[in-house]
Asker: 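This is the structure, below, for whatever I ask next.
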Amino acid sequence: ALERTLSIIKPDAVAKNVIGEIYARFEKAGLKVIAAKQKQLSRAEAEGFYAVHKERPFFKALVEFMISGPVMIQVLQGENAVLKHRELMGATNPKEAAPGTIRADFADSIDANAVHGSDAVGTAAVEIAYFFAATEIHSR
Ligand code: CMP
């Protein structure tokens, strides 16, 4: 099915200057960037975005990391976009990520793991609405 997913290029990958290399992987896989913004997240924004992880031991470090520099946030659209994007990213822990995936190639640790992607279609809708107004999304 034609799906949308939320993608975030995290502060570590933005600092490594690989936004374009990561976008090229999306495009080669048939995913279209239909919305995008670069943003310095506030603490409140990062906490709200990761609210489901609030009770997890890594929550504080995750929020600190996500506000350590600007992120690049985009909506990707394509056939099976949610799973396709997750396959491009590789496992959450870069030590477990398959060769050739974004995390294997660009991530340094489970915290500084280069990218975020929605885990399901329902989550994607919530995450997209968290960062983008409908008028900022350009279906094509
Ligand atoms: P992300 O897909 O952005 O969702 C939550 C993030 O928490 C995850 O990527 C990791 O960067 C980070 N994280 C840190 N420790 C863990 C852990 N033990 N399990 C899952 N996510 C973790």
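Note that the structure is predicted; figures quoted are calculated from it, not measured. Whatever order the structure lists them in is the order used to number ligands and atoms, beginning at 1.
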Asker: For ligand 1, which atoms have a heavy atom of Tyr50 less than 4.0 angstrom away?
Answerer: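 Those atoms are 1 (P), 3 (O), 4 (O), 5 (C).
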Asker: Can you check which of Phe59, Phe65, Phe49, Phe58 brings a heavy atom nearest to atom 16 (C) of ligand 1?
Answerer: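 It is Phe58 that holds the nearest heavy atom.
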Asker: Could you tell me, atom by atom, which parts of ligand 1 come under 4.0 Å of a heavy atom of Arg103?
Answerer: 2 (O)
Asker: Which option wins on minimum heavy-atom distance to atom 12 (C) of ligand 1: Asp12, Ile110, Asn113?
Answerer: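 Looking at heavy atoms only, Ile110 sits closest to atom 12 (C) of ligand 1.
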Asker: Can you tell me which residue and heavy atom of the protein come closest to atom 14 (C) of ligand 1, and the distance to 0.1 Å?
Answerer: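 It is Asp111 OD1, 3.3 Å.
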Asker: Which other residues end up in the same hydrophobic cluster as Val121, if Ile, Leu, Val, Met, Phe, Trp and Tyr are linked when side-chain heavy atoms come under 4.5 Å apart?
Answerer: Val82
Asker: Quick one: does Lys28's side chain get under 4.5 Å of Arg25's, heavy atoms only?
Answerer: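 Side-chain contact under 4.5 Å: no.
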Asker: Once you restrict to heavy atoms under 4.0 Å, what part of Arg86 touches ligand 1? Side chain, backbone, both or neither.
Answerer: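 Neither; nothing of Arg86 gets under 4.0 Å from ligand 1.
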Asker: Distance to the ring centre below 6.0 angstrom and angle to the axis at most 45 degrees; does that hold for Lys37 and Phe132?
Answerer: yes
Asker: Looking only at non-hydrogen atoms, which of Thr92, Leu62, Val63 approaches atom 6 (C) of ligand 1 most closely?
Answerer: Leu62
Asker: Which heavy-atom pair separates Ile102 from Ala114 by the least distance, and what is that distance?
Answerer: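 Shortest heavy-atom contact: CG2-CB, 4.5 Å.
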Asker: Identify the protein heavy atom lying closest to atom 2 (O) of ligand 1, giving its residue, its atom name and the separation to 0.1 Å.
Answerer: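 Going atom by atom, the protein heavy atom closest to atom 2 (O) of ligand 1 ends up being His116 ND1, 3.1 Å.
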